[in-house]
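Atoms considered below: every heavy atom in the structure, side chains included; atoms not considered: hydrogens, waters and symmetry mates. Below, chain A is the first sequence line, B the second, and so on; all start at residue 1.
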2 protein chains.
Amino acid sequence: MTSFPAALSPSSSSSPARGGIAAAAIRRLTALTPLDDADLRLLDTAADRALTYPLRHAFQTIGRPMADPLLVLQGWAARVRILPDGRRQFMSFYLPGDIIGPAHHEQPIATATVVALTECLACPAPTGPAGSGLAQAYAVSEALDEAYLLGRVVQLGRLNAQERIGDFLLEIYERLSLAGLTVGGSFEMPLTQEMLADALGLTPVHVNRMIQQARRDGDLMWKSGRVLLRDPERTARTIGRVSPQVTGTQTMAQASAG
Amino acid sequence: MTSFPAALSPSSSSSPARGGIAAAAIRRLTALTPLDDADLRLLDTAADRALTYPLRHAFQTIGRPMADPLLVLQGWAARVRILPDGRRQFMSFYLPGDIIGPAHHEQPIATATVVALTECLACPAPTGPAGSGLAQAYAVSEALDEAYLLGRVVQLGRLNAQERIGDFLLEIYERLSLAGLTVGGSFEMPLTQEMLADALGLTPVHVNRMIQQARRDGDLMWKSGRVLLRDPERTARTIGRVSPQVTGTQTMAQASAG
DNA sequence: CGAGGTTTTGATGGAGGTCAAACCCCGTGG
DNA sequence: CCACGGGGTTTGACCTCCATCAAAACCTCG
């Protein structure tokens, strides 16, 4: 519910100790579609131009001209809308390997505000030639983006609080897995319960109670910014979650590769 | 909540009494961006190949290969998801002048099921050369599509029942206005209250109560498939609705025209 | 140690869900 | 012309999930 105060500007602390700052992002993109050496080289050089963006940085502002697409290397960002009376809703999240902005088709005016939820490392998304693996990866990424947005509509419209939390954590888990950012069912969760509430259309208080219940039921651990899902498969089954990527993505990449 | 029984197949009753069957769609597209004669000719010839699709026809099915993009000429369709236990959620609506399917970027697998909510008239969306008004119109249309989807997330996440109904009707009103399908604040509404409920994440019963309240408050008339908004502007103000098109679209077309 | 953000707990209320029946509207057909 | 039927709308009684308000407890970091 708290609205964001004025944001700082990106600090151009260009990669100090490089090495694998783009590793997660590259893992995700290659998971979406095979990338060849040319693609990887493009990514590497793009990563050299990575910048660190502070917490709350506004990557885009609704109604303002859209910036060039950015590839997130580290950190989380989100599309957010704040209503006149202060109500806040997060609409989608950007994780390492995601593209902020119009990957493909032009779209001069931003339809949403995108803010950094953590300190973020991001670089300009390198554009591969048409038909390249990179272009393909962006296409799949964008399709996934929309699929998740559709999923969010169902989540908010028809799932109860418990289901929403489970569904959300599963989505994050699956997405971070692609980037290799999970360790046996556990992953880093920089969101506060309040932010989670604003993503799920609930109150922080109620989110908290439901999380505790999930803990008591042995479905969940959540401590100091780290979440562990005890049995993702089972949770997914009990709330009837269908994940776009597991089935969808693979097939998507294959189908358009052939 | 009722799930759709098996659907019939499209009847190829190709335009019997033509004349302006594509009029609404063309009005909408020209409202999005200026179209020249070549564009209009493409649209006209495409309209010759229009088909009538029966109620409940599945234009696309989730997980199945995606059909070629269709331009809706008459009738309503919607993206829908049905949960295993029967809960239903409409995610977005297609009105005359909207494109069902991937206007631009490829995307082989459908991420959602699209069904006809009324009998629909639709034709293959003619593809204009890159940079043509038609291509431009599709781009804007697609951007609007996403903007509406984002709006729906906010609606479901943070608006109460009254606000949701108002917001929804305003959205429809605005969109139909573009296609010239409104008459002084009133327009045809083929949805039942049950469908409306499944779009707004509510129960039919509660939708009904809220509508009656709106009627009592003099905000609304709804009779035999026709809705009249007494004072759209005021309603929009009281629920703090921001419409993407009024501000957004115009600017979008202009910005990318220049 | 203290301060500020975050999580947790309790008590209470209200928006919206559920169940069930009645009503209405219209088209069908006898 | 009226009975019949079926989908949609309306109404009522009751209940529950989640919101609200407020305070306490807990971290974490300076």
Side-chain angles (χ1 to χ4, degrees), chain A residues 1-5 55-56 83 85-89 117-119 155-169 188-216 220-227 239, chain B residues 1-5 55-56 76 83 85-89 117-119 155-169 188-217 220-227 239:
Chain A
M1 281 296 172
T2 10
S3 51
F4 282 145
L55 188 63
R56 266 157 233 180
L83 302 188
D85 63 356
R87 283 177 283 185
R88 181 173 72 170
Q89 178 69 41
L117 300 179
T118 68
E119 182 171 286
Q155 188 185 81
L156 293 173
R158 286 299 176 215
L159 300 190
N160 63 30
Q162 293 241 37
E163 294 169 322
R164 286 186 210 184
I165 293 173
D167 192 62
F168 181 85
L169 293 179
E188 233 170 81
M189 241 297 286
L191 302 189
T192 65
Q193 295 184 3
E194 186 183 30
M195 293 188 218
L196 191 50
D198 283 342
L200 301 180
L202 300 168
T203 12
V205 173
H206 201 239
V207 164
N208 181 274
R209 291 195 224 271
M210 294 299 103
I211 285 173
Q212 289 179 61
Q213 164 128 19
R215 275 203 273 252
R216 261 179 269 122
L220 194 64
M221 281 188 59
W222 181 339
K223 198 132 189 275
S224 55
R226 205 162 178 89
V227 165
I239 67 175
Chain B
M1 279 297 171
T2 9
S3 50
F4 283 146
L55 188 62
R56 264 156 235 182
W76 288 35
L83 302 187
D85 64 356
R87 283 177 283 184
R88 182 173 71 170
Q89 178 71 39
L117 299 179
T118 67
E119 182 171 287
Q155 188 185 79
L156 293 173
R158 287 295 177 218
L159 299 191
N160 64 29
Q162 293 240 39
E163 294 168 322
R164 288 186 208 183
I165 292 173
D167 192 62
F168 181 85
L169 293 179
E188 237 172 79
M189 242 295 287
L191 302 189
T192 65
Q193 295 184 3
E194 186 183 30
M195 293 189 219
L196 191 51
D198 283 343
L200 300 180
L202 301 169
T203 14
V205 174
H206 200 238
V207 165
N208 181 274
R209 292 197 225 269
M210 293 300 103
I211 285 174
Q212 290 179 60
Q213 164 127 22
R215 276 203 272 251
R216 261 178 270 122
D217 296 351
L220 194 63
M221 280 189 60
W222 180 338
K223 198 131 189 273
S224 57
R226 204 160 180 90
V227 166
I239 67 176

B:Gln89 and B:Leu83: CA distance, side-chain angles, deciding distance, side chain to side chain contact (heavy atoms under 4.5 Å, CB included) verdict: CA-CA 8 Å; B:Gln89 178 71 39; B:Leu83 302 187; over 6 Å; no
Report the C-alpha distance between A:Arg87 and B:Leu159 in whole Å, list the side-chain angles of each, state the deciding distance to 0.1 Å, and finish with yes or no for side chain to side chain contact (heavy atoms under 4.5 Å, CB included). CA-CA 9 Å; A:Arg87 283 177 283 185; B:Leu159 299 191; 4.2 Å; yes
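Between the NZ atom of B:Lys223 and the P atom of D:dG8 there is a distance of 18 Å, given to the nearest Å. When the P atom of D:dC18 is taken as reference, atom CG of A:Leu200 falls 11 Å away, rounded to whole Å. Here C:dT6 presents its C1' atom at 20 Å from CZ of A:Arg226, a figure rounded to the nearest Å. At whole-Å resolution of the value, CE in B:Met210 and P in C:dA15 are 9 Å apart. In this structure, the CZ atom of A:Arg158 is 11 Å from the C1' atom of C:dG17, given to the nearest Å. Nucleotide C:dG16 holds its C1' atom 10 Å from the CZ atom of B:Arg164, rounded to whole Å. In this structure, NE2 of B:His206 is placed 14 Å from C1' of D:dG12, rounded to the nearest angstrom. Rounded to whole angstrom, the span from the CG atom of B:Leu202 across to the P atom of D:dT16 amounts to 20 Å.
Counting only distance, with no hydrogens or angles, the side chain of A:Arg164 and the backbone of A:Leu200 share a donor-acceptor pair below 3.5 Å.
Under 3.5 Å, the side chain of B:Arg216 and the base of D:dT10 form no donor-acceptor pair of N or O atoms.
Taking the side chain of A:Arg215 as heavy atoms from C-beta on, and the options D:dC18, C:dG17, C:dT8, the nearest nucleotide is C:dT8.
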